[in-house]
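Read the structure below first, then the notes.
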There are 2 protein chains.
Amino acid sequence: MPAIRTARARAREELTREIKQEARRQLASVGAQQLSLRAVARELGMASSALYRYFPSRDELLTALIIDAYNELGDAADHALAGTEQAAPRDRWCALWTATRDWARANPHEFALVFGTPVPGYAAPRTTVEPAARLPLALIGVVRDAPLRPTPPGPPPQGALPGQLTALAAAFAPGLPPHVVARGVSAWVQLIGLIGFELHGHLVGSIDPADDFFTWTAAQTADTLGL
Amino acid sequence: MPAIRTARARAREELTREIKQEARRQLASVGAQQLSLRAVARELGMASSALYRYFPSRDELLTALIIDAYNELGDAADHALAGTEQAAPRDRWCALWTATRDWARANPHEFALVFGTPVPGYAAPRTTVEPAARLPLALIGVVRDAPLRPTPPGPPPQGALPGQLTALAAAFAPGLPPHVVARGVSAWVQLIGLIGFELHGHLVGSIDPADDFFTWTAAQTADTLGL
DNA sequence: TCTTTTCGAGAGCACTGCTCTCGTTTCGAC
DNA sequence: GTCGAAACGAGAGCAGTGCTCTCGAAAAGA
């Protein structure tokens with residue numbers, strides 16, 4: 001069935017791709033907030049109502065763009081890893097940080113789409129979690145495969161946290177001590193939080209430009225992880 | 001002049017307040033994205049066009065709400081500080097963290113408004129920077145006034161970073177070593193980034209609920225600062 | 001060949017932010 | 001007290017939005 005496709009199916013696939021492509025263009029230039037279905041249709045020379053044959057709603061189109069963005073970010077991470085195959089784990093860690101920031105600065109609206117304020121009433125469908133996990137998994141992989149220096153223990157996890165950390169470790173990095181997992185999540189929050197701060201202008205007037213602070217933070221997190 | 005005001009000026013002040021109040025109500029219930037000038041006017045029983053006598057545009061109304069939100073957050077921080085006047089600096093630090101998270105969870109749309117994705121083409125006017133600085137200044141104050149344990153030096157700041165850090169220290173916390181300032185900014189990014197992650201559902205399925213991870217992060221940042 | 005499904009287009013609905021105009025009300029100077 | 005200027009509220013209207021419904025044409029499968 002998938003080998004030979006009808007002309008209609010091929011046309012549908014192609015048009016779906018074209019719609020997404022044009023939507024991405026608009027997303028990059030005006031942001032998700034201003035992305036207009038009618039404008040996409042206008043640019044493609046079709047009636048706006050025809051667009052609904054391909055995407056049942058604006059949110060559905062945005063979801064497709066979210067998945068694309070996650071995958072692009074994941075590709076950037078994989079590419080950074082592939083380029084540092086032989087490097088020290090610490091350098092691979094920093095390469096992942098730099099690649100993430102570079103991608104975010106090149107695609108600020110895409111970054112905001114996936115890590116920014118979600119549309120109210122919008123719940124990310126299951127299909128997004130796998131591409132969303134690619135970058136965090138890449139970061140975890142570097143830590144998991146590296147010989148870690150011993151680090152000071154730090155504050156002990158309390159309450160439900162130890163269980164959450166061991167569950168996380170069991171799922172993605174068996175054998176990693178809980179306090180390292182906690183610092184890994186911390187680093188993940190820092191990575192995205194810092195890029196968000198920079199992109200949204202919350203560092204203007206203090207740490208601006210943020211290049212050197214970013215590399216310092218990458219090194220700092222590598223230190224606390226024992227990389 | 002401000003002692004005796006004309007009836008018109010008083011009416012204007014009151015209506016301005018009422019508009020902002022109703023807008024806040026809508027902001028809290030549907031978010032900034034869905035905040036509608038017409039709905040505000042409708043709720044107030046006035047024509048939508050009349051609203052433009054008080055706020056020249058929707059963005060201007062949002063700016064007023066942003067300032068309100070920053071000030072409420074600043075009030076929450078001040079209140080937390082006032083309630084821990086005699087406590088150890090480390091506990092005051094953690095109290096500020098908790099107060100910030102509590103406020104954010106109680107007012108998620110307000111949090112998103114100030115720390116989330118900014119409206120495209122919107123540049124925060126100067127009037128917002130002073131209320132925006134209240135929480136960071138409260139955090140800095142705790143660190144500045146505390147006797148700090150010596151901490152391991154960590155990675156050395158490079159490039160433009162040392163200058164930015166000393167400038168920041170000179171402006172807000174004279175005498176604070178640069179590496180402590182850097183960790184302070186890091187903690188600030190973590191605080192807001194972590195709350196954003198929690199609020200926007202990026203921790204669902206991994207660290208969820210985030211209560212204990214949050215207190216652990218607060219303690220962890222206090223440790224690295226030497227509190 | 002005939003029926004069923006798919007498709008594109010157009011009209012239309014209920015919204016939105018914002019502008020302009022038009023009477024009315026209020027204020028301040030004379 | 002009077003009168004001109006400023007401020008005000010309401011209404012109509014513009015250009016735009018997401019989305020629905022209907023209708024005729026085209027393609028697909030029996």
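Proteins get letters first, then strands, A, B, ... in listed order; numbering begins at 1 in each. Since the structure is predicted, the reported quantities are computational estimates derived from the model, not experimental observations.
Between the base of C/dA9 and the side chain of A/S49 there is a donor-acceptor pair shorter than 3.5 Å. Side-chain to base pairing of B/R8 with C/dT25: one donor and one acceptor N or O lie within less than 3.5 Å of each other. The base of D/dG16 lies outside donor-acceptor range of the side chain of A/R38, with no N or O pair under 3.5 Å.
Contact annotation for B/S57: backbone-only contact, meaning every heavy-atom pair under 4.0 Å involves sugar-phosphate atoms and none involves a base. Nucleic acid contact for A/L35: sugar-phosphate only, since backbone atoms but no base atoms lie under 4.0 Å from a heavy atom of the residue.
Spacing between atom CZ of A/R42 and atom C1' of D/dA15 amounts to 10 Å, rounded to whole angstrom units. The CE-C1' distance, from B/M46 to D/dG11, rounds to 14 Å in whole Å. Atom P of nucleotide C/dT16 and atom CZ of B/F55 are separated by 18 Å, given to the nearest angstrom. Atom CD of A/E14 is separated from atom P of C/dC7 by 14 Å (rounded to the nearest Å). Remark: P of D/dT17 and CD of B/Q33 are 15 Å apart, rounded to the nearest angstrom. In this structure, CG of A/L51 is placed 15 Å from C1' of C/dG10, rounded to the nearest angstrom. Rounded to whole Å, the distance from CG on A/L44 to P on C/dA9 is 11 Å. Atom-to-atom, CZ of B/R10 to P of C/dT26 comes out at 13 Å; the value is rounded to the nearest Å.
In this structure A/D102 satisfies the salt bridge (Lys or Arg N to Asp or Glu O under 4.0 Å) test with no other residue, sequence neighbours excluded.
A salt bridge is absent between A/E14 and A/R17: the closest approach of a Lys/Arg side-chain nitrogen to an acidic carboxylate oxygen does not fall below 4.0 angstrom.
Each of A/A50 and B/A9 was assigned the nucleotide of DNA chain C with the nearest heavy atom; the assignment lying further toward the 5' end belongs to A/A50. Comparing B/S48 and B/L15, the nucleotide of DNA chain D nearest to each residue sits closer to the 5' end for B/L15. Of the residues near DNA chain D, A/S36 and A/R53, the one whose nearest nucleotide (by heavy atom distance) lies more toward the 5' end is A/S36.
Judged by distance alone, the side chains of A/Q190 and B/S186 do bring a donor and an acceptor atom under 3.5 Å apart. Defined by atom type and a distance below 3.5 Å, a donor-acceptor pair is missing between the side-chain atoms of A/T217 and A/W97.
Here the nucleotide nearest the side chain of B/R58, chosen from C/dC22, C/dC18, C/dA9, is C/dC18. Among the nucleotides D/dC19, D/dA28, C/dC27, the one closest to the side chain of B/A7 is C/dC27. The side chain of B/L37 approaches C/dG17 more closely than any other nucleotide in the set C/dG17, D/dG9, D/dG18. When distances run from any side-chain atom of A/R12 to the nucleotides C/dA9, C/dC7, D/dG9, the shortest one goes to C/dC7. For A/Y54, the listed nucleotide lying nearest its side chain is C/dC7; candidates were D/dT20, C/dG17, C/dC7.
Ring geometry, A/Y70 versus A/F115: the interplanar angle exceeds 60°, so the pair is classed perpendicular (tilted spans 30 to 60°).
Judged by the 6.0 Å distance and 45° axis criteria, B/R12 is positioned over the aromatic ring of B/Y54.
Dashed line: the shortest gap from a side-chain N or O of A/T6 to OP1 or OP2 of D/dA27 is not under 4.0 Å.
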